[in-house]
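Both ligands and their constituent atoms are indexed starting at 1 by order of listing.
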Amino acid sequence: MSGKSVAVVLAAGMGTRMRSTLAKVLHPVLGRPMVCYPVEAALKAGVDRVAVVIGHQGEDVREVLSGTFPEADLVFAEQKQMLGTADAVRCALGATEGFERVVIMCGDTPALDDASLLRLIESHAQTNAALTLTSFDAPDPTGYGRIVRDLSGKAMRIVEHADASLEERNIKEVNAGLYLVQRDDLAFALGNIGNDNEQGEFYLTDMVHTLDGQGKTINAMKLPNPAIVAGINTRAQLSALEETIRRERNNRLMESGVSIESPDTVRIESDVTIGQDTRIGRGVQLRGKTQIGSGCLIEAGAHLTDCLVGNNVHVKPYVVAQDAIIGSDAAVGPFAHLRPGTVLGDKAKVGNFVETKKATLGKGSKASHLTYLGDCEIGDDVNIGAGTITCNYDGFDKHKTVLDDGVFVGSDTQFVAPVHVGKNATVGAGTTVTGNVPDGALVLSRTEQRVIEGYYDKRRKPREEAKRKK
Ligand code: UD1
Ligand code: CA
């Protein structure tokens, strides 16, 4: 099909039935705002521009979409008052100038996919129609606009539920709210739609009757799978649809070479990417913009949010990580907590009950047990003994601990920051490091060991015997 196309996405409504202070189209579905889905589908289907009609929290909608699709030709049109769907499209009419065709869709249909839009575009081209509307048979059509066909079966108008006669209400074929229309015909129709109806709204659906009256070809395409246009009105519908999208996403990942154990228990959000031959365990949650390389093993119950994970990384059970970077061949967990600003080098190892925050661990460095590492820069091949704590907070400010390459830290050590420990230095077990340590030195702050011989016989034994006699 020649000529350019533009999509108009209706996203001005508040969505009262969500009972939320957040506009409906901004509610997240599998980790990304609802309105992103139809916009992405339109872009993937090859439309040249997307014009979004905004109203409630319009600035936030604009920010989200511009941030998500920085390369796309996105135009925003404000609708100040909700006067109806035709009025909404009219607000965006200026942005459709110069385009040949207009796809019209709703911002609250996250299941809409590009394949369905391509079928719509194809059907429109084949029938040479001025307008292609989409419909489906609803077991309970209450609330939907009904498709009224003439005796020959040609769609001639849509009647809204509120305006329908009893006879019309028996029609099961309903309007899906997804259209493709020639731009000039749309402009003509919008100029002729009034609001003389039950709801006093400007109905976009009236363009069918208007264009039919002009002798234009109306094509009604029945959707084989109406679930793709299911609009979200309530939180229960959101949750149900999110489940469907989640399952499909897991299936697609498995098709692309990712193993998922018990996919019903696994949540992988829409913006997450995973490389080939990575295995995902039971109950894993991968959220936000997390990116995982190939050949990784992410074991049961791990929750990763906005993390960057290299190749062949082993994330053991019940690791919680956010805004962390994990280098290739590294191992983390079980039960580790990587907080924002954690950067683990290649082959680094972080073991159980280790918490990190704004912490860099160089290549091959290890913190295997029971440790807190905050505000620190740790070089390559550093060994951190069990029970090491960076004392980074003095009650007022945060201070930094720097450990150069090759430092060996014995168990039960505290670094009272700011401190800097030089290359290849050794920190003896039980030491409280309060000042800088030069390269290659040993630092110790423990008290000398004292041994008192015969203590048991002299002190404890007599008391134990006395106790037994009582
Ligand atoms: C609409 C159709 C109906 C169809 C149904 C499918 C009309 C008149 N009716 O009804 O035939 O069966 O969709 O779901 O079009 N919006 C705006 N500005 C407005 C009004 C609406 O942006 O002034 C947005 C809403 O936020 C929503 C979408 O347009 O996302 C649909 O509007 P809504 O009022 O919900 O239409 P329905 O009554 O569902
Ligand atoms: Ca101690």
Verify atom 9 (N) of ligand 1: protein non-hydrogen atom under 4.0 angstrom away: yes
Between D264 and S262, a side-chain donor and acceptor under 3.5 Å: no
Charged tip of R32 within 45° of Y37 ring normal and under 6.0 Å: yes
Whether over 12 other heavy atoms sit under 6.0 Å from R169 CZ: yes
Non-hydrogen protein atom less than 4.0 angstrom from atom 34 (O) of ligand 1: no
Protein contact to atom 5 (C) of ligand 1 [nearest heavy atom, distance to 0.1 Å]: N175 O, 4.0 Å
Any donor-acceptor N or O pair under 3.5 Å, side chains H303, Q322: no
Closer than 4.0 Å: a protein non-hydrogen atom to atom 1 (C) of ligand 1: no
Derivation and outcome, side chain to side chain contact (heavy atoms under 4.5 Å, CB included), residues S368 and K349: CA-CA 7 Å; S368 299; K349 187 174 174 241; 3.6 Å; yes
Interfacing atoms of ligand 1 (cut-off 4.0 Å, heavy-atom, A12): 22 (O)
Close-contact set for ligand 1 against A88 heavy atoms, below 4.0 Å: 17 (C), 18 (N), 22 (O)
Ring geometry between F353 and F335 (parallel below 30°, tilted from 30 to 60°, perpendicular above 60°): parallel
Top protein contact for atom 11 (O) of ligand 1, by heavy-atom distance: E160 OE2, 2.7 Å
Numbering as shown, the atoms of ligand 1 that approach Y203 to under 4.0 Å (heavy-atom distance): 8 (C)
Per-residue contact class, V53 against ligand 1 - non-hydrogen pairs under 4.0 Å: neither
D394 side chain to H399 side chain, donor-acceptor N/O pair below 3.5 angstrom: yes
Side-chain donor-acceptor contact under 3.5 Å, D163 with Y203: yes
Residue among H161, E168, E173 satisfying side-chain hydrogen bond (donor to acceptor under 3.5 Å, both in side chains) with R146: H161
Distance from atom 32 (O) of ligand 1 to nearest protein heavy atom, with residue and atom: T85 CG2, 3.6 Å
G145: numbered ligand 1 atoms lying under 4.0 Å from its heavy atoms: 3 (C), 4 (C), 11 (O), 12 (O)
C106 touching ligand 1 at heavy-atom level, < 4.0 angstrom: yes
Nearest protein heavy atom with distance in Å, relative to atom 24 (C) of ligand 1: L10 CB, 3.8 Å
Geometric N/O contact L204 with ligand 1, under 3.5 angstrom: no
Identity and separation of the nearest protein heavy atom to atom 20 (C) of ligand 1: G84 C, 3.6 Å
Under-4.0 Å protein heavy-atom contact, atom 30 (O) of ligand 1: yes
Atom indices of ligand 1, in the order listed, that fall short of 4.0 Å to a heavy atom of T205: 7 (C), 8 (C), 9 (N), 11 (O), 15 (O)
Candidate list V320, V315, I326, test side chain to side chain contact (heavy atoms under 4.5 Å, CB included), partner L338, passing option: I326
V174 to ligand 1, any heavy atom closer than 4.0 Å: no
Flag for D397-Y393: side-chain donor and acceptor within less than 3.5 Å: no
T371 side chain to E355 side chain, donor-acceptor N/O pair below 3.5 angstrom: no
Ligand 1 contact by D87, heavy-atom criterion under 4.0 angstrom: no
Flag: protein heavy atom within less than 4.0 Å of atom 13 (O) of ligand 1: no
Exam field: side chain T390 to backbone C376, donor-acceptor pair closer than 3.5 Å: no
Contact bool for atom 22 (O) of ligand 1 (protein heavy atom, d < 4.0 Å): yes
Protein contact of atom 17 (C) of ligand 1 - nearest heavy atom, named by residue and atom, plus distance: Q79 OE1, 3.5 Å
